[in-house]
Asks: 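Right, I'll just put the structure down here and ask away after.
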Amino acid sequence: MGLKHEDKLKKLTLEEKALMMSGKNTWQTQDFLFYEITAMRMSDGPHGLRRQPDGAGDHLGINESMPATCFPTAATIANTWDVELGEEIGQALAEEAVTMGVHVILGPGLNIKRSPLCGRNFEYFSEDPYLAGKMAAAYVKGIQSYGIAACPKHFAVNSQELRRMAMNSVLDERTMRELYLTGFEIAVKEGKAKSIMSSYNEVNGVYANENKHLLQDILVDEWGFEGFVVSDWGASNDHALGVKNGSHLEMPGTGKTGQKEILKAIEEGVLTEEELDLRLDELLDVIHTTHMGLEVSRIEHRLDSSAMEWQGFSVEAHHALARKAAEEGIVLLKNDDNILPLQEKTKVAIVGDFAKTPRYQGAGSSLVNPTKEPESILNTIGDSSLHMVSFAQGYERNAKKNQKLIADAVNVAKEADVVLVFAGLDEIGEAEGLDRAHMRMPEAQEAVIHALADAHENVIVVLSAGSPIEMPWADKVKAIVHGYLGGQAGASAMLNVLTGKVNPSGRLNETYPIHYEDTPAYEYYPSKERNSEYRESLYVGYRYYTTVGKEVRFPFGYGLSYTTFAYSDIKANEHEVRFTVKNTGDRTGVEVPQLYVCLESDTVFRPVRELKGFARVELAPGEEKEVVIPFDDKTFRFFDVRTNTWEIEGGTYRIQIGRNANEIELKTDVTITGTVKEGPYSEASLPSYFAGDITNVSDEEYQKLYGKELPDGSWGGEIGINDAFCQFYYAKSILCRLVHKVLKSMLDRAIAKGEPNLDILFIYNMPIRGISRMTGGMVNMQMVYGITEIANGHFFKGLGKVISGFVKGIIS
Ligand code: BGC
């Protein structure tokens with residue numbers, strides 16, 4: 001069979017091989033030093049390392065980790081549209097990982113931002129798969145250039161946090177390929193990722209971690225993936241089936257539960273020893289290469305970790321990189337009368353609790369313990385050219401509006417020429433495990449902005465939030481600057497933009513709708529019961545707004561500069577598009593031209609605009625440059641459900657160059673021969689999809705798109721091992737209902753306080769089988785079945801199973 005590590009596989013017993021497929025603890029793989037197999041260490045996460053000391057591991061960011069640079073989160077970096085920067089950050093993450101002995105960095109995260117409400121949007125790149133994929137590939141390349149592995153996550157179709165471990169994403173193959181998998185495809189094919197993390201959810205009825213279609217047909221057979229698949233923490237359902245279908249490692253360790261499942265499956269002939277060997281060989285290969293890579297990098301890059309492990313990298317250099325990244329990620333959304341940049345010595349009043357205690361990252365497994373006290377505006381403004389005349393808190397975080405604080409803010413504003421209000425989302429708005437309930441900012445913050453805008457003519461709002469918010473006050477203020485979540489050096493980056501030291505160049509990675517009700521998935525998100533139906537299909541974000549002409553607050557790709565740019569001279573052939581961009585203002589600046597492509601067709605429905613390329617061009621005043629955006633394998637393709645592969649429809653494509661998704665500056669046409677003459681659909685059978693009018697697709701029409709019977713996601717009334725703890729609400733047993741009550745009240749209390757309780761959130765959304773996975777096997781599956789019996793009202797039968805399971809556990 002040509003196994004690379006046959007020598008080791010021959011030495012390991014079957015039991016040892018089965019054991020290798022589950023973690024040793026929260027972060028490491030098993031080791032067999034006798035056979036020269038050492039443990040491989042994994043660590044979160046996407047915007048900074050979360051390396052926990054041994055013995056204090058948890059996967060939710062609860063216990064403190066070693067200090068690491070907190071870079072801006074993925075959403076912020078995606079605003080830069082700068083793949084070179086992504087690679088540079090990847091390298092810096094790798095340097096830190098190498099000093100901390102980490103072989104696999106669990107990121108980047110690149111799930112599609114289907115709805116602005118997803119609690120983890122701050123950790124993800126974009127609503128667009130092309131942008132998300134390019135940024136992810138850049139991180140992967142950067143990380144892996146140090147010989148260790150990146151782990152793009154969460155594969156796949158994992159765009160909601162509600163019941164994230166117990167929901168089923170239902171979507172047609174074309175939507176899945178074009179929207180939800182393309183980013184991963186780019187990360188795997190271009191980035192050559194050595195590992196990938198399967199998500200918690202099911203995809204069309206099969207858990208991602210045991211989904212042969214995803215893991216074998218697509219990932220390996222089509223994309224040529226050569227690494228290992230790790231389950232999200234606690235995501236593995238039937239581990240033996242996972243191993244059979246292309247998953248390698250179950251994390252965290254489940255004691256001997258996973259091992260036993262594999263041995264049983266082999267005994268019963270469900271899994272063969274050859275299949276196990278093949279998986280283990282693939283896993284051993286990454287263990288081997290990342291160990292070598294780490295050691296080589298330690299020497300080559302002089303990342304000595306002798307004294308304190310985390311001191312090997314340059315804290316200052318990485319802090320400076322975090323600042324540069326934050327600067328590039330800042331998006332100037334509004335700048336009436338060119339109020340920005342602020343002149344030297346401008347008298348400013350600073351309002352807002354965020355100016356004192358910054359919001360610079362989100363909560364959950366991505367939580368980084370920064371190497372330096374995170375900068376705040378109040379701490380850094382002294383180094384800027386501004387003259388701060390006063391500060392007012394303006395609002396209390398996570399509290400109702402406070403008239404006294406508002407009055408104070410209005411009062412201090414009187415002394416200033418300009419009022420800078422720092423606002424956005426409170427901590428509870430951006431946490432793993434919890435989707436937002438609405439898209440509004442906290443009322444207390446909106447109130448102070450309104451009051452200031454009524455009282456002062458020069459109000460500038462500076463936002464911190466990793467996801468879109470409604471801005472009903474937008475027309476009343478002079479300027480809006482969005483810092484997203486800027487990492488540990490975010491405050492000085494913001495001051496550099498406000499004062500013009502840096503000319504803003506960020507462009508939104510996602511659309512800002514006016515109201516949440518305007519969003520395409522409004523009727524479908526999040527799932528009501530088990531199934532989350534992706535009825536809006538391809539019409540996510542700008543693909544929807546541009547197709548139906550719906551007004552938005554700020555379009556995808558939007559962002560202003562302190563200079564201006566003009567576009568001219570478009571030319572295109574089948575291979576590329578060329579055009580000229582000129583800086584028509586008086587400062588050096590960066591423009592981000594975007595290529596959108598479309599074909600009008602009677603047989604393939606398409607949004608009027610889809611991103612297929614972009615560039616970043618820096619221009620001095622008066623300078624012009626010809627920009628070339630090459631076409632690639634994604635420019636004209638669509639996924640054809642008839643041939644089950646990518647095809648190109650022959651026809652005349654519209655090539656559009658825009659400043660953003662709404663402002664198209666140049667257009668031309670290109671005729672492409674194609675691989676098929678026409679597509680599989682017709683307007684008569686899918687009228688909503690051809691019109692883009694997808695907010696209320698009927699069951700009948702959706703079923704036609706889906707191509708088969710729609711699965712019934714309604715809950716049957718009996719609690720099963722794959723139902724989440726939140727469903728104990730319906731339990732027949734008083735005891736279980738009480739458990740639900742306690743969990744729910746703890747959750748509500750945490751939400752009211754504004755501090756996400758990640759432990760409780762995790763348990764609340766965890767399927768009951770998860771107790772076995774997350775207790776390292778202390779609670780075995782027999783006991784889990786017993787618990788469900790109890791929940792369903794069969795107390796004694798259930799208790800019997802729990803007790804006998806417990807006894808069996810002790811004996812074995
Ligand atoms: C998250 C992953 C993370 C893992 C380990 C899970 O709960 O979904 O993104 O990498 O924990 O911390």
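Note that ligands are numbered from 1 as they come in the structure, with each ligand's atoms numbered from 1 the same way.
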Asks: Look at ligand 1 and say whether E123 reaches it with a heavy atom at a distance under 4.0 Å.
Replies: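 So E123 does not count as touching ligand 1.
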Asks: Could you tell me whether H154 approaches ligand 1 through its side chain, its backbone, both or neither, with non-hydrogen atoms closer than 4.0 Å?
Replies: side chain
Asks: Can you list the ligand 1 atoms lying under 4.0 Å from a non-hydrogen atom of E432?
Replies: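 Near E432, meaning under 4.0 Å from one of its heavy atoms, ligand 1 has 1 (C), 6 (C), 7 (O), 8 (O).
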Asks: In terms of atom number and element, which parts of ligand 1 are under 4.0 angstrom from non-hydrogen atoms of R164?
Replies: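 Here the atoms of ligand 1 in question are 7 (O), 8 (O).
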Asks: Taking the six-membered ring for Trp, are the ring centroids of H47 and F71 within less than 6.0 Å of each other?
Replies: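 Ring centroids of H47 and F71 are no less than 6.0 Å from each other.
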Asks: Which atoms of ligand 1 sit under 4.0 Å from any heavy atom of K153?
Replies: 2 (C), 3 (C), 9 (O), 10 (O)
Asks: Looking only at the aromatic ring of each residue, does the gap between the centers of F184 and F155 stay below 6.0 angstrom?
Replies: yes
Asks: What pair of heavy atoms forms the shortest contact from F125 to A78, and how long is it?
Replies: O-CB, 3.0 Å
Asks: Check ligand 1 against R120 and write out every atom of the ligand that is under 4.0 Å from a heavy-atom position of the residue.
Replies: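 So the answer, numbered in order with elements, is 1 (C), 2 (C), 8 (O), 9 (O).
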Asks: I'd like to check the ring-ring contact (aromatic ring centres under 6.0 Å, His included) partners of F228; sequence neighbours left out, ordered by chain and number.
Replies: none
Asks: Tell me whether Y200 has any N or O atom under 3.5 angstrom from an N or O of ligand 1.
Replies: yes
Asks: Suppose we screen for side chain to side chain donor-acceptor pair (under 3.5 Å). Which residues come up paired with Y139, at least two apart in sequence or across chains?
Replies: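 Y139: no side chain to side chain donor-acceptor pair (under 3.5 Å) contacts found.
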Asks: Using 30° and 60° as the class limits, which term best fits the ring planes of F762 and Y200: parallel, tilted or perpendicular?
Replies: perpendicular
Asks: Which ligand 1 atoms, with their elements, are less than 4.0 angstrom from a heavy-atom of W27?
Replies: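 Once the distances to W27 are compared, the set is 5 (C), 12 (O).
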Asks: Distance only, no hydrogens: is a donor on one side chain within 3.5 Å (strictly under) of an acceptor on the other, for R164 and S159?
Replies: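 No, no side-chain donor-acceptor contact under 3.5 Å.
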Asks: Just which atoms of ligand 1 are under 4.0 Å from any heavy atom in R50?
Replies: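 Once the distances to R50 are compared, the set is 12 (O).
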Asks: When you measure from the heavy atoms of M42 to every atom of ligand 1, does any distance fall below 4.0 Å?
Replies: no
Asks: Does the ring center of H740 lie less than 6.0 Å from the ring center of F725?
Replies: no
Asks: With heavy-atom distances below 4.0 Å as the criterion, list the atoms of ligand 1 near M197.
Replies: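 Close to M197: 10 (O).
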